[in-house]
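What follows is one structure encoded as C-alpha cells, with my remarks underneath.
Just so you know, these numbers use all the heavy atoms, side chains as well, and skip hydrogens, waters and symmetry mates. Proteins come first, then strands; the chains are lettered A, B, ... in the order of their sequence lines, and each starts at number 1.
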2 protein chains.
Amino acid sequence: MLTKSSTELVRQQNSALVLAALRRSGNLSHTEISSETGLASATVSAITAELEKAGVLTKAEQQVQGGRGRPRVLFTPRRDHGHLIVVRISSDIVQYSLVDYGGTLLDRFDEVRNHDERGTAPFARSFVDALERLLQRSRLERDRVLAVSISSKGLVDGTSARLLWSPVFGREELDFAALLAPQWRAKVMLSNETLLVAQALAAQAERRPESGFRALAAISLGHSIGLGVARKSQSGELDVGAPNFGHMLHTPSAGLCRCGAYGCIEAAAGFYGILRAAFEVPADTIPAKFVPVTELDKIAASARQGHRMAGYAFRQAGIALGNGISRMLSLYERMPVHVTGPGIRYFDLMLPGIEEGLAQSMQVRLQGPPEIAVVADEQRLVFEGHLERVLGAIDGEIASAGIA
Amino acid sequence: MLTKSSTELVRQQNSALVLAALRRSGNLSHTEISSETGLASATVSAITAELEKAGVLTKAEQQVQGGRGRPRVLFTPRRDHGHLIVVRISSDIVQYSLVDYGGTLLDRFDEVRNHDERGTAPFARSFVDALERLLQRSRLERDRVLAVSISSKGLVDGTSARLLWSPVFGREELDFAALLAPQWRAKVMLSNETLLVAQALAAQAERRPESGFRALAAISLGHSIGLGVARKSQSGELDVGAPNFGHMLHTPSAGLCRCGAYGCIEAAAGFYGILRAAFEVPADTIPAKFVPVTELDKIAASARQGHRMAGYAFRQAGIALGNGISRMLSLYERMPVHVTGPGIRYFDLMLPGIEEGLAQSMQVRLQGPPEIAVVADEQRLVFEGHLERVLGAIDGEIASAGIA
DNA sequence: TTCATTTTCTCGACTGTCGAGAAAATAATT
DNA sequence: AATTATTTTCTCGACAGTCGAGAAAATGAA
C-alpha cells in the first residue's frame with residue numbers, strides 16, 4: 001500500500017540523508033555533504049541550518065588546515081545532544097554501556113549473572129538498578145537518555161521490545177518496554193544478538209560500494225545457534241531479521257533440545273549437542289544448562305587426534321548446520337554466510353560436515369555452495385550493530401520531528 | 001542506503017497513488033480519489049489533468065445519476081492506452097491472453113504442450129509464434145503491447161526474466177527477455193506461478209483493511225510443490241517472493257527427486273512421490289515425468305477405504321509439507337498458509353501428516369500452528385496475480401515517466 | 001596590498017501540495 | 001419559470017522545498 005507524499009516528507013528524507021552521511025563518514029564539510037548525498041549546495045545549507053538550530057549538529061571546532069581558499073568548516077553531530085544506553089545480555093554476563101550521540105563510549109561495566117536465581121523478576125530488578133547506576137556514575141539525568149538498546153539471544157519481538165523466548169528464561173516473556181515505561185522516557189529497543197552482527201556486517205559492506213552488497217547471513221556458534229539475515233529490499237533499504245534458526249527443525253533423530261522440542265539444529269550443533277554426541281549420552285537426555293569451553297576444547301583436541309566419537313560429534317554438528325544453511329538459502333536466496341561466536345574455534349572440525357550437509361540440497365547443486373567466511377570478535381560486532389541500529393533510529397526520529 | 005528525494009518524486013509517488021486507487025476501486029470521482037488517497041482536492045485536480053493529457057485516464061462516459069448537486073464525473077483508466085499479454089505456462093498447456101490497460105480480457109487461446117520434444121528451442125519458437133498470432137487475431141500492432149507477463153513453475157530470476165530451473169526444462173535456462181528483445185519493445189516480466197497466487201491473495205487481503213494483513217504464504221500442491229510468500233515490509237510496501245520450497249531439503253530418506261537431488265519436499269509430497277510411496281517403489285527410482293490425476297484419485301480412494309500403504313503415502317506427504325512449513329515459519333514469521341493446486345482434492349488425507357509435521361517444531365509449539373485455508377481455483381488466482389503485478393509495474397512506470 | 005582560489009552563503013526561479021472559496025451543474029422548492 | 005439548496009469540480013494564492021547561479025567570505029600566494 002503506497003502512502004501519500006508531500007514536500008515536508010521530502011525534507012524529512014533529505015535531513016535523514018544528511019545525518020546518515022555524517023554518521024557514516026564522520027565530519028564532513030558543506031561541499032562534502034553535498035557531493036556525498038547528491039543534494040544541491042543550497043539545500044545542504046537549509047538542512048544544516050535547521051539541524052544546527054535544533055541542536056543536533058555543530059560546526060567542529062578544530063578546522064582542518066589546507067590549501068588556499070576559504071577554509072572548509074566541518075559539521076559533526078553534537079555529542080551532547082543526548083545519550084544512549086546499550087545493554088548486551090549474554091549467558092554469563094550483562095554488559096551495560098553509556099554512549100553519547102556521537103557514538104563514543106563514555107562508561108561501561110559488566111554484571112555477572114546469577115545462574116541460580118529463577119524467573120525473570122530478579123533479573124528485571126537488577127536490570128533496572130544497573131541502568132540507574134549507569135546514570136549516577138556519570139551524573140546524568142534520566143531524561144537525557146534518548147534510547148536504551150538491548151540485545152539478547154533468543155526470539156524477539158522487535159516492534160514491541162518483548163523477549164519471547166530466550167535460552168535462559170525459556171518461555172517466560174520479558175517486556176522491556178513495559179519494564180522501563182513508568183520511569184524512562186527513552187525509546188526502548190530490543191534486538192536479537194546475531195541480527196546485530198548481520199546489521200554490523202551489512203553496514204560494513206555498504207560502506208564498500210564495490211562489494212556489490214545485496215544480502216548476507218551471520219551465524220553465531222556457541223551454546224546456542226543464532227542467525228541474522230540482512231537484505232537490501234527492492235526500494236534499497238536494509239531489511240534485517242533474526243529467524244529462529246537454532247530451533248528450526250533439523251531432524252527428529254538429533255535428540256531433545258533444551259527448548260523442549262526434538263531435533264532442533266541447536267540440539268546437534270550447539271555445545272551441549274556436541275558434548276552429548278561425543279560422550280554417546282542418550283539423545284533424549286535433558287541438555288546441560290551450561291558447558292564450559294574447556295570441556296569442548298578437550299573434545300576438540302581428541303577429535304583432532306583422531307578419536308572417532310569426538311570427530312563424529314563435530315561432523316554431525318556440521319551436517320546440521322549445512323542442512324540448515326541450505327534450507328535457509330532455499331527460502332531466501334544465495335548469499336554469503338559469516339560465521340562468528342565462540343564456536344569458531346572448532347570450525348575446522350565442523351567444516352567437512354557443513355559441506356556435506358550443504359551438498360545434499362538442490363539449491364546448492366544448482367547455484368554452488370555459498371561463500372563462508374569466519375569472523376572473529378563477535379562482541380565488537382554486536383556492539384557496532386547496536387550503535388548502527390539505535391543511532392539510525394534516533395536520527396530517523398530527529399529527521400521526522402522537524403524543528404519541533 | 002537512503003536516496004535523495006525531491007519535489008518531482010513527490011509527484012511521482014502521488015500519481016502512482018492515484019493510479020493504484022483507480023485500479024483498486026474501478027471508477028472513482030474527483031472527491032472519491034481525494035478521500036481514498038488522502039490528497040487534497042486541488043492536488044487531485046493537478047494529477048488527473050496531467051494523466052488525462054498523457055492519455056492514461058479518461059472521464060467515464062456513463063455518468064452515474066443520483067441526488068442533487070453537480071453530478072460527479074468518474075475517472076477511469078483509458079482502456080486503449082495500451083495492451084498486455086499474459087502467458088501462463090503449465091505442465092500440459094500454455095495459455096496466452098490478451099488484456100487491455102483496463103484489465104479486461106480481450107482474447108485467449110491455449111496451446112497443448114508437446115511432451116516429446118526436447119530442449120527449450122522448439123518451445124521458444126512456438127512461444128514467439130503464439131505471441132505473433134495473438135497480435136494478428138486482434139489486428140494489433142506489436143508496439144501497442146506495453147508488457148508481456150509470463151508465469152511458470154520453477155526457479156525464476158524475476159529481475160532479468162530468466163527461468164533458471166523448471167520442472168520441464170530442468171537446468172536448461174530460458175531467457176525470455178533475450179527471446180523477445182530483438183522484436184518487442186514491451187517490458188518482459190517472468191514470475192513464479194505460486195508467487196502470483198500469493199500476490200493475488202495478498203492484494204485481496206489488503207483490500208480488506210480490517211483483516212490486518214501482515215504476511216501470508218501460498219502453497220501449491222500438484223506434480224510439483226510451489227510456495228509464494230507475500231509480506232508487508234516495514235515501509236508498508238508489499239514484498240513478494242517465491243522460495244525454492246519444493247526442492248528444499250526435507251530428509252534424505254525421502255528418495256530421489258526429479259531435480260536430481262535426494263530428499264526434496266517434492267520427492268515426498270509431489271504426485272510422483274506419493275505414487276512411489278503408495279506402490280512401494282524403491283526410493284531411488286527415477287521419478288515419473290507425468291502422473292495423471294486419475295492415477296492419484298485411485299490411490300486416494302483406496303486410502304479412504306483404509307488401504308495401509310496408500311494412507312501411508314499421503315501421510316508421509318503431509319509430514320514433508322508440515323516439516324517444510326514449520327521450517328518456513330522458523331525462517332520468516334508466523335503467517336497464515338493458503339493451500340491451492342490440483343492436490344487439494346487429497347488435502348483431507350494429508351492433513352493429519354501436516355499437523356504431525358508441524359507439531360515437531362519449536363516454532364509451532366511456542367506460537368501455535370498457523371491458520372491453514374484451502375483455496376480452490378488456482379488458475380484464476382494466478383491470472384489475477386499476473387494482472388496485479390503487471391498493471392502495477394506499468395502504472396509505476398507511467399507515474400515515473402511524468403508527462404514525457 | 002592585490003590577486004587567485006576555494007568554500008560558504010543567498011537569491012530568484014521552479015515544482016509541488018494545500019485550503020478556501022468561486023464556479024458549475026443539478027434537484028427541490030416556491 | 002424562477003429561485004434556492006446542494007453537491008461537486010475547478011481555480012487561486014499561500015506555503016514548503018529544491019536547485020542553479022552568482023555573490024560574499026576567507027585564506028594563501030604573488
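Judged as a side-chain contact (heavy atoms from CB on, under 4.5 Å), and not counting sequence neighbours, the contacts of A/Ser160 are A/Asp157, A/Arg162. Residues passing the side-chain contact (heavy atoms from CB on, under 4.5 Å) test with B/Ser35, sequence neighbours excluded: none. Shown here are the ring-ring contact (aromatic ring centres under 6.0 Å, His included) partners of A/His83, two or more places apart in sequence or in another chain: there are none. By the salt bridge (charged side-chain N to carboxylate O under 4.0 Å, His left out) test, A/Arg380 is found to be paired with A/Asp377, A/Glu384, residues two or more places apart in sequence or in another chain being considered. Residues passing the side-chain contact (heavy atoms from CB on, under 4.5 Å) test with A/Asn14, sequence neighbours excluded: A/Val10, A/Leu17, A/Leu39, A/Ile47, B/Lys4, B/Ser5. Among residues two or more places apart in sequence or in another chain, the ring-ring contact (aromatic ring centres under 6.0 Å, His included) test is passed with A/His30 by none. Legend: residues meeting ring-ring contact (aromatic ring centres under 6.0 Å, His included) with B/Tyr332, ordered by chain and number and at least two apart, are A/Tyr332. Residues satisfying the ring-ring contact (aromatic ring centres under 6.0 Å, His included) criterion with A/Tyr101, sequence neighbours excluded, are A/His81.
D/dT9 atom P lies 14 Å from atom CG of B/Leu57, rounded to whole Å. The CD atom of B/Gln12 sits 13 Å away from the C1' atom of C/dG16 (whole-angstrom rounding).
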Original post:
Along nucleotides 2-8 of chain D, 5' to 3', which nucleotides get a B, which get an S, and which get a -, given that the test is a protein heavy-atom distance under 4.0 Å?
Top reply: ---BBBB
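In the helix from C/dT1-D/dA30 to C/dT30-D/dA1, the rotation axis of the first five pairs and that of the last five pairs differ in direction by 40°, rounded to 10 degrees.
Looking at B/Gln13, its side chain does come within 3.5 Å of a backbone N or O of A/Thr3 through a donor-acceptor pair.
Residue pairs that meet the salt bridge (Lys or Arg N to Asp or Glu O under 4.0 Å) test with at least one member in residues 7-21 of chain B, sequence neighbours left out, are B/Arg11-B/Glu50.
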Could you run down the sub-3.5 Å N/O contacts of the protein with nucleotides 16-22 of chain D?
residue	atom	partner	partner atom	Å
D/dT18	OP1	A/Asn14	ND2	2.8
D/dT18	OP2	A/Arg11	NE	3.1
D/dT18	OP2	A/Arg11	NH2	2.7
D/dC19	OP1	B/Lys4	NZ	3.2
D/dC19	OP2	A/Ala40	N	3.1
D/dC19	OP2	A/Thr43	OG1	3.0

